[in-house]
Amino acid sequence: MKLVRTALAHPLVWPVVTLVLLTLLDLAHNSAFLSIRMLDGHLFGAPIDILNRAAPLVIVSLGTTLVIATRGIDISVGAVVAIAGAAAATVLADDPSQVGLALAAALGTGIAAGVWNGLLVAFVGMQPIIATLILMVAGRGIAQLLTGGQIIPIGAPGYLVLGDGYLASVPCSVWIALAAIAATALLVNRTALGLFIRAIGINPVATRLAGLRSASIVFGVYVFCGVASAVAGILASSNVRSADGNNAGLLLELDAILAVTLGGTSLAGGRFSLAGTVLGALIIQTLTYTTYSIGVPPEATLVVKAAVVLVVSVIQSATIRALLARHLQRVLPSARTRPIVEASE
Amino acid sequence: MSALPSGQRRPLRERWLRPLIDPRTLPIAVTVMLFAVLFGFGSVMYTGFFSLQVLLGLLVDNSFLLIIAIGMTFVIVSGGIDLSVGAVLALTTILCAVGSERLHWPVWAIVAVVLAFGALYGAAMGALIHFLKLQPFIVTLAGMFLARGTCFLITTQSITINDPAFHAIAGFSVRAGSGSLNAGALVAIVTLFVAIYIAHYTRFGRNVYAVGGNERSALLMGLPVARTKVLVYAFSGFCSALGGLVFTLYVLSGYGLQGQGMELDAIAATVIGGTLLTGGVGYVIGSVFGVGILGTIQTLITFDGTLSSWWTRIVIGALLCAFCLLQRVIERQATRRKSDGTGAGAGAKASRKRRTEPDGGALATQGGTGEQLAG
Amino acid sequence: DEKKITLGFAQVGAESAWRTANTVSIKSAAKEAGINLKFSDAQQKQENQIKAIRSYIAQKVDVIAFSPVVESGWEPVLTEAKAAGIPVILTDRSIDVKDQSLYTTMIGSDFLEEGRRAGKWLEDRYRNDAGPINIVELQGTVGSAPANDRHAGLMEVIKNDPKFKIIASQSGDFTLAGGKQVMEAFVKTYGKQMNVVYAHNDDMALGAIQAMEEAGMKPGKDVSVVSFDATHGGFQAMVAGKINVDVECSPLLGPQLMTAVKDLVAGKQLPKRIVTNETVFPQSVAAQIMPQRKY
Amino acid sequence: MAAHAILETTGVSKSFPGVRALNQVDFRLFPGEIHTLMGQNGAGKSTLINVLTGVHAHDAGEIRLDGKPVSFATPLEAEAAGIRTLYQEINLCPNLSVAENVFAGRQPKRRGAIDWKTINARAADALAALNVTLDVTRSLDAYPVAVQQMVAIARAVSVDARVLILDEPTSSLDDSEVARLFAVLRKLRESGIAILFVTHFLEQTYAVSDRITVMRNGEREGEYLAKDLPMTQLVAKMVGHEGMSERLERDVAERKAAPTGDARPFVEMRGVSRRGLMNPVDLDIAQGQIVGLAGLLGSGRTETARLLFGAEKADGGEVSIGGRRVKLRSPHDAVRHGIGYCPEDRKKEGIIADLPLRENIVLALQARRGWWRVIGRAKQREMADRYIKLLGIKARDAEQPIGLLSGGNQQKALLARWLATEPKMLILDEPTRGIDVAAKFEIMDRVLSFCAKGLAILFISSEVSEVVRVSDRIAVLRDRRKVAEVTSDAASEDHVYRLIAGGER
Ligand SMILES: Nc1ncnc2c1ncn2[C@@H]1O[C@H](COP(=O)(O)OP(=O)(O)OP(=O)(O)O)[C@@H](O)[C@H]1O
Ligand SMILES: Nc1ncnc2c1ncn2[C@@H]1O[C@H](COP(=O)(O)OP(=O)(O)OP(=O)(O)O)[C@@H](O)[C@H]1O
Ligand SMILES: [Mg+2]
Ligand SMILES: [Mg+2]
């Protein structure tokens, strides 16, 4: 019983439950949903698709999580995804063998975008939403400038393997996403960056007075987010074997922020959860997949999405959990519930 | 402890300069100045730009955005955000069209129903946000999906409104000099004045500022936090519906893809107008100029007429950037200059607060503040 | 000394390669024709187009042309244009107004007709097949005119024939990534049941082809692929045997538009509808025609 | 005194995760009395108040107002019932004007609209009654904590209430302000209002209270009439034992007797200034030395400290540390040179509320080491536990979010944060704000012992007597410039008072 209670109190329980419920829904509709088989030497099946598709979203959301943890926001990630893809495609269009250069170009644009955002936010002092809005608007223009408004096909096999190939039977993009998760987790848990980011998000004034160079860290976080977006851009463009300046990563920023919040990270900054973010991204992708596979009519998909988002956040709400805890207490009188810690000022 | 002169009688010159000195009004003063500069720039560059028609056109063509931005200002000042505004606008246009074309309701009934619906929709989101302690972003995002999804469930087509009453209202206009103002613009102007009154002369308005400044303090000060927060979203929903009505008049039709991304325009206009996303700071009038600046940038580009699609975006971004940079630079300069003034110690301290943040107040600046504009 | 004609053109946006080709065509045609072009990009928003048209009225251009984002809602602004004595030409899409004098002519394609053509092709293709013929549909952006009409056109044709059945329909937002993602789900859910993929544009069709190939299916053979626009990419896929038919929707409206503008300014009467020559390209002719394609 | 208690609790208990903050507390408050609640940090004073006014729901027991059981769900309801509260820590809206903060929620109206003229005038009057004159139309955050506290007091006393509760209203006020406040409180008592008052200053307790309730570890130790309870006994009842101050006095004496090592100053400030903020200041502080800053509110003590710490960029003058000229552009620079700073506004500039105590304590040290050289989890815990013990921080454990600690314990944690960096110099701006008597002596004792080991200290306090007692030298500030510097032997308290007031140079 105690186990149940501790489990229920864990912040990641509800995202997990949601994910399970969505999967059950899929299973009810298609009993072979979870079946994975080998096809042409690699794994094939709906779960693999979901992971594969979720990879860019996961990577972008990692960057967004850190930005949000510092009380910021980055709405330019979608545009950066487009620019990075366009930059790589432009290089490859000239010479398909220059895969290394293409990757460097994509990552370079990501860094540049991050530096730009970081400068405006951390050193100029613009409000993050406006600072990144500039790049969101202009960035898509830049991507289109690179592609000339066309969809540039990409044929270089070395590049395509990243988003469309397999390593040890598993899609490369899944490996890359795993690596990104591991790297980010190491970065925030094994260095003091996690502490610094949380501190800045909770009380920037006090953090600065504790002797931290907050501006540099905030700057660095935006650069990180830019790089993450660029990696996502590489995966996205490689997966569809083309770069589309206008549509690549369209509205990705919204999905990323949604993933972060579904994972239980507050937009007010401070404490964050990488695992939650990854779960959030998986929920979004599974939901999308589910609406396709169970045949929700296209005009109803938005309503379904709204309903799921609302339900997930409502069951995660502190108030509802307190109610639930009180109920549990009545059911198991011996159990002393863990009161919900009220976020104090 | 009267350590400093309290400064009761200020010289006249200082009263004029005050908007530029008071950290609360400075961002607005700067915004207004830069708006004038931007408009002047257009007038010099393009023939036909400098005319009352263009200026009034800014109001006419952006009236719905203005109304929505006004609602958004309240939400942001209260420390929240409302992403549902564009979708509610679209839903309103559809409801109007369905009401008039399919149900054949009279205009007044449609207006009443639609406005009530908008307010209730907002209130429902506000209640979720406050009572379940959910994040405004996520609730209003769901609200956006829901409203837009409902549009498509009603119809994926666009519905033209043929009702003569709608046409009559849409055709109504008053002359103003060489230009004219239509019904939508007039509604926007009235909304603006009402909003300013609400913000500065009603307890509700002041509570919005208090809640945005520090919600916990507001609670401990015995202010009706719950009511205020729910009402703020209700007001924003109401404004979205009103904006939707104006938009319906603007295009005399209903369509579910209308107003895409308008939430971002409204947020941008509000923030450009000096409102801080962290809450507690901002003025309705600032958002007016925010909308004006976005509109002017767009007008500049159409007047230019040589830009390709992508250069359009890049130029919008660049102008936005130049504008915001100038805004920051002038603000910094002004606060610095002010602290040179002899003995104006308290002001200096206030400005310091603004700049103590990690070398750039954006992170959590609570610097300038909102208070009576005309107090 | 002839005064240069000024044309104000309000484009929808730059949302697809098709649209870019359309823009390029208009710009280059204007240059060739010696017409002074004022161009604006509305980024898919009707209000932006209305603003642009208003500003053209304020600038007193000679002719206004635009590709409407949506059918409805043009009455007020076009009335203003009429009052200002500026003639209006529609391109690419039509509008829904009572007063037909609000515009002089409409140049461009008819999405409904395109849908019907695709439907007819399907009827021909499966004439001797007993069925059932299962169709999965990749719709464009929900609510957009091409999505609505291409769907409606198809339905018009197949609704009388019970062997055709749309078993799944989802929006891929006109994008390659969207098409691919939707198709991945379809492949897993419906697998071999699918007979036809009906994609509202080439980008989505290309995405769907990738998804099918990755699942080990043979698009164009196991499953018929019907697509629209006939872009370069579409043709390439057709030549490779992966798209079975591509219904043309020509973006090259520039020359026709410029001619119309000149005629208007010269005081000539224009027909209410100038139809662009558009055909249906079955796979068999693709290789032959491809070299002539301009976009 | 009326026979019936206006506000009364019986057997009230309240638990927080891991902490029993209130245990079966009986308490009563009569009309027309000033009742002081005393107790060590974390004894449960604020919790009792929070429970009385509906901030927290109590777990057990009963609250009665006028003999009728009540249970307020929100502070709003308590207010409606005539209970007016000034909570610990300033709970005002920093973005609103001073005047509005005084009147928020009950703004006077004229013809339906808020009447700003009246608000501003009446707020100015209300503050004037407390002897504060300031521009009430400026926003609150333009003023330092002490002024904000006066504003909060003005808000609390400017409306008719039946019960007035003040949780540590005097923690950052100086003597004259306290005197004004007491004058006001006495007047209110005359009119029959029941006043509940929390303070850690014993003299203040005896100056105004009629009755004292002592709390210890969440329990009511006892209720006494002030005139029946000698000060030494009061302390004993709070702490459980006596004789705290003797040790401190001995340490002070010992340290002052010891030769102050080599006289070479550790920090030399020469003409450091910032236009509009502070006029040029010269100040030397040697290792092992305590330099006190004395002055009125707004005299520039905090500014001096912030300039030295780099929190404020100086635009004139120079600073040398250890004989070498340094540039202090940001707090980071100062920390690297071994300087630490306990700010006066702990809520806004000190604590990182949602982070655990442990991380709050290691933050400054980690900041100095950079993000790469991590202090391991075990090391962090060990450090946190050490300082929790050393400073007697009362917390469930090192993992408790610091925002949930009682005010005084937060203050101790901030001190721990800086001690953990093993600084060469500490700037203490009101370090004992809100700290109970016993802990105050302990903390000062600790500080002195660090000082004896060579720590240089810049000490700011609104209690002149405290400054005089511990400092080796005292710099007196007035109107944002240094007007005098006296060594402590010469400095009788009166002399410093006179300097502060501007009587002589
Ligand atoms: N919201 C809360 N959550 C958890 N624990 C709390 C909370 N509020 C107070 N406590 C704990 O309750 C105990 C009593 O705290 P309280 O604030 O009442 O002390 P206090 O007597 O006011 O002390 P001080 O003199 O330092 O203000 C402390 O141990 C504190 O950590
Ligand atoms: N009586 C007063 N009237 C108006 N403003 C005041 C008054 N007292 C203080 N101030 C404000 O306080 C500010 C100075 O605060 P500062 O922090 O420098 O004081 P301080 O000497 O450090 O005092 P403390 O130690 O109490 O904080 C000035 O900017 C001034 O605006
Ligand atoms: Mg307390
Ligand atoms: Mg001070």
Side-chain angles (χ1 to χ4, degrees), chain A residues 70-72 75 120-131 133-145 149 200 203-205 207-208 213-215 218 245 254 257-258 261-262 266-269 298-307 309-310 313-314 317-320 344-345, chain B residues 81 83 128 131-139 141-153 155-156 214 216-217 256 264 267-268 271-272 276-278 308-318 320-321 324-325 327-329 332 353 355-365:
Chain A
T70 63
R71 275 198 196 181
I75 55 173
L120 290 187
V121 173
F123 295 109
V124 177
M126 266 187 215
Q127 295 198 57
I129 199 166
I130 284 294
L133 176 72
I134 292 169
L135 191 56
M136 178 191 183
V137 174
R140 242 168 233 295
I142 294 169
Q144 284 179 311
L145 190 66
I200 291 172
N203 189 342
V205 180
T207 309
R208 179 171 176 268
R213 270 185 294 202
S214 321
V218 171
L254 269 192
I257 298 171
L258 188 58
T261 32
L262 284 182
S266 156
L267 283 178
E299 54 271 12
T301 40
L302 275 178
V303 174
V304 172
K305 199 167 176 181
V309 169
L310 271 182
S313 38
V314 165
S317 118
T319 319
I320 295 291
S344 86
E345 260 297 294
Chain B
I81 199 152
L83 299 179
L128 281 178
F131 293 110
L132 298 188
K133 299 200 177 75
L134 299 183
Q135 302 201 41
F137 184 93
I138 213 166
V139 172
L141 185 68
M144 161 176 149
F145 291 154
L146 188 64
R148 188 119 10 234
T150 310
C151 291
F152 295 145
L153 284 183
T155 176
T156 55
N214 189 333
R216 195 179 153 75
S217 288
L264 214 56
I267 295 171
V271 173
I272 288 173
L276 292 187
L277 265 182
T278 39
S308 67
S309 299
W310 32 97
W311 277 111
T312 301
R313 291 183 171 183
I314 296 174
V315 169
I316 292 179
L320 207 59
C321 178
C324 293
L325 275 177
Q327 205 178 18
R328 287 294 307 166
V329 168
R332 278 197 187 197
K353 288 266 156 60
R355 280 183 281 121
T356 3
E357 328 291 326
D359 293 333
L363 288 175
T365 332

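Just so we're on the same page: letters track the sequence lines, and every chain starts at 1.
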Over all heavy atoms of both residues, which pair between A:Q127 and B:L277 is shortest? Give the atoms and the distance, please.
OE1-N, 2.8 Å
Closest heavy-atom pair, B:I314 versus A:A138, reported as atoms and distance to 0.1 Å, is CG1-O, 3.7 Å
Heavy-atom pairs under 4.5 Å with chain B: which of A:I130, A:V309, A:T301, A:V304 has the most?
A:I130
Do A:S313 and B:Q135 touch side chain to side chain, with heavy atoms closer than 4.5 Å?
no
Set out, in order, the CA-CA distance, both residues' side-chain angles and the distance that settles side-chain contact (heavy atoms from CB on, under 4.5 Å) for B:T150 and A:L302, then state yes or no.
CA-CA 8 Å; B:T150 310; A:L302 275 178; over 6 Å; no
Which one wins on heavy-atom pair count under 4.5 Å against chain B: A:I320, A:V314, A:T207?
A:V314
Select one option (side chain, backbone, both, neither) describing which atoms of A:L135 are under 4.5 Å from chain B's heavy atoms.
neither
Choice from B:G256, B:G149, B:A268 maximising heavy atom contacts with chain A below 4.5 Å:
B:G149
Quick one: which of B:L320, B:L134, B:I267 has the most heavy-atom pairs under 4.5 Å with chain A, could you say?
B:L134
Which of the residues B:R313, B:R148, B:M144 is involved in the greatest number of heavy-atom pairs with chain A at under 4.5 angstrom?
B:R313
Over all atoms of both residues, closest heavy-atom pair of B:F145 and A:A306:
CB-CB, 3.6 Å
Distance from A:L254 atom CG to B:L83 atom CG, nearest 0.5 Å?
7.0 Å
Taking side chain as everything from C-beta outward and backbone as N, CA, C, O, which of these in B:L153 sits under 4.5 Å from a heavy atom of chain A? Side chain, backbone, both or neither.
both
Most chain A-contacting option - heavy-atom pairs closer than 4.5 Å, from B:T312, B:L146, B:T156, B:I316:
B:L146
With a 3.5 Å distance limit and no angle check, can you tell me whether A:T319 reaches the backbone of B:F131 through a side-chain donor-acceptor pair?
yes
Taken in chain and number order and not counting sequence neighbours, the residues that satisfy side-chain hydrogen bond (donor to acceptor under 3.5 Å, both in side chains) with B:S309 are C:D41
Using a 4.5 angstrom heavy-atom cutoff, name the option from A:I142, A:L267, A:L310 with the most pairs to chain B.
A:L267
Across all chains, not counting sequence neighbours, the side-chain contact (heavy atoms from CB on, under 4.5 Å) partners of B:L325 are A:L120, A:V124, A:M126, B:C321
What are the two closest heavy atoms between A:L258 and B:I138, and how far apart are they?
CD1-CG1, 3.8 Å
Distance from A:Q144 atom CD to B:W310 atom CH2, nearest 0.5 Å?
6.5 Å
